[in-house]
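Written below as structure tokens is the structure these notes are about.
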Amino acid sequence: MTNSKQDIQIMQKRVDDFISQFEEGYFSPLAMMARLSEELGELAREVNHHYGEKPKKSTEKDKLIEEELGDLFFVLITFANSLDIDLSEAFDISMSKIEDRDQNRWTKKENEV
């Protein structure tokens, strides 16, 4: 089993290999932020259709939340790559902060023996 740091690095390289074949390359940070917002909106729409009170129109094609999460993740990776950010390092920094800050924030489950 590979570790998550390697998995994320493989994903970042796969995206970079794809983007690097085009002369246009990565979009600007502002354009990437707009794309990230757009994909987040598409995910929100799908979640609303599945769990909210707003059903899809009969003319709308069926999309999956997994597909929208994948699109959002792809754009997040392209954004990180464009700024030369290692997402595994960014995640470790964030997760350490959250684990420290929120360790006593909620009720912990009883250990099952």
Side-chain angles (χ1 to χ4, degrees):
M1 185 169 150
T2 62
N3 72 36
S4 58
K5 181 176 178 107
Q6 290 173 332
D7 291 343
I8 292 172
Q9 289 171 336
I10 289 167
M11 287 186 272
Q12 284 194 256
K13 181 171 182 344
R14 183 175 175 187
V15 169
D16 190 59
D17 289 346
F18 177 76
I19 298 294
S20 296
Q21 68 182 324
F22 304 107
E23 286 188 27
E24 293 81 1
Y26 289 102
F27 295 149
S28 70
L30 190 56
M32 296 299 280
M33 195 65 231
R35 285 206 57 217
L36 197 59
S37 298
E38 178 185 335
E39 293 298 341
L40 184 59
E42 291 177 14
L43 174 61
R45 183 176 178 87
E46 281 307 305
V47 169
N48 192 27
H49 286 314
H50 286 282
Y51 300 104
E53 290 75 34
K54 184 180 176 189
K56 283 189 180 210
K57 297 176 189 171
S58 60
T59 56
E60 288 182 285
K61 77 175 193 171
D62 204 24
K63 282 190 174 179
L64 301 174
I65 291 173
E66 292 88 346
E67 181 182 343
E68 295 303 335
L69 278 170
D71 291 349
L72 185 63
F73 196 49
F74 171 79
V75 175
L76 182 65
I77 292 172
T78 59
F79 196 8
N81 284 358
S82 73
L83 298 173
D84 200 28
I85 293 172
D86 181 332
L87 280 172
S88 61
E89 289 178 16
F91 176 79
D92 287 341
I93 291 167
S94 185
M95 198 65 211
S96 293
K97 174 185 69 179
I98 291 165
E99 287 169 335
D100 185 52
R101 181 190 68 203
D102 296 337
Q103 65 181 321
N104 296 312
R105 191 173 195 169
W106 294 280
T107 306
K108 291 190 178 181
K109 293 181 180 181
E110 295 287 329
N111 287 337
E112 294 179 334
V113 181

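The figures that follow rest on heavy atoms only: side chains count, while hydrogens, waters and symmetry mates do not.
Here the CG atom belonging to Asp17 is positioned 10.0 Å from the CG atom belonging to Asn81, to the nearest 0.5 angstrom. To the nearest 0.5 Å, atom CD of residue Glu46 and atom CG of residue Asn48 are 9.5 Å apart. Of the inter-residue distances, the one linking Phe73 atom CZ with Glu66 atom CD reads 15.0 Å to the nearest 0.5 angstrom. Atom CD1 of Ile65 and atom CG of Leu72 lie 12.5 Å apart (nearest 0.5 Å). Put simply, CD1 on Ile8 and CD1 on Ile77 are 8.0 Å apart, with the number rounded to the nearest 0.5 Å.
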Result block: side-chain N/O donor-acceptor pairs under 3.5 angstrom for residues 95-105, not counting sequence neighbours:
from	atom 1	to	atom 2	distance (Å)
Ser96	OG	Asp92	O	3.0
Asp102	OD1	Arg105	NH1	3.1

Throw together a table of side-chain donor-acceptor distances under 3.5 angstrom for residues 36-45, partners on residues two or more places apart or in other chains.
from	atom 1	to	atom 2	distance (Å)
Ser37	OG	Met33	O	3.0
Arg45	NE	Glu60	OE2	3.3
Arg45	NH2	Glu60	OE2	2.4

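Side-chain atoms of Val15 and Met11, non-hydrogen and from C-beta on, never get closer than 4.5 Å to each other.
When all heavy atoms of Leu83 and Pro29 are compared, the closest pair comes out as CD2-CG, 3.8 Å. The two residues Leu87 and Leu76 have their closest heavy-atom pair at CD1-O, 4.5 Å. In this structure, Ala90 and Ile85 approach most closely via the heavy-atom pair CB-CG2, 4.2 Å. Here the shortest heavy-atom pairing between Gln12 and Ser88 reads OE1-N, 4.3 Å. In terms of heavy-atom proximity, Val75 sits nearest to Met32 at O-CE, 3.9 Å.
Around NZ of Lys56, the count of heavy atoms belonging to other residues, nucleotides or ligands within 6.0 Å exceeds 12.
The side-chain hydrogen bond (donor to acceptor under 3.5 Å, both in side chains) check on Thr78 picks up nothing, with sequence neighbours excluded. For Phe91, the ring-ring contact (aromatic ring centres under 6.0 Å, His included) criterion is met by no residue, not counting sequence neighbours. Scored by the side-chain contact (heavy atoms from CB on, under 4.5 Å) test, Leu30 finds Ser28 as partners (sequence neighbours excluded).
Evaluation of the ring pair (Phe, Tyr, Trp, His ring centres under 6.0 Å) test over residues 18-54, restricted to residues two or more places apart or in two chains, returns Phe18-Phe22.
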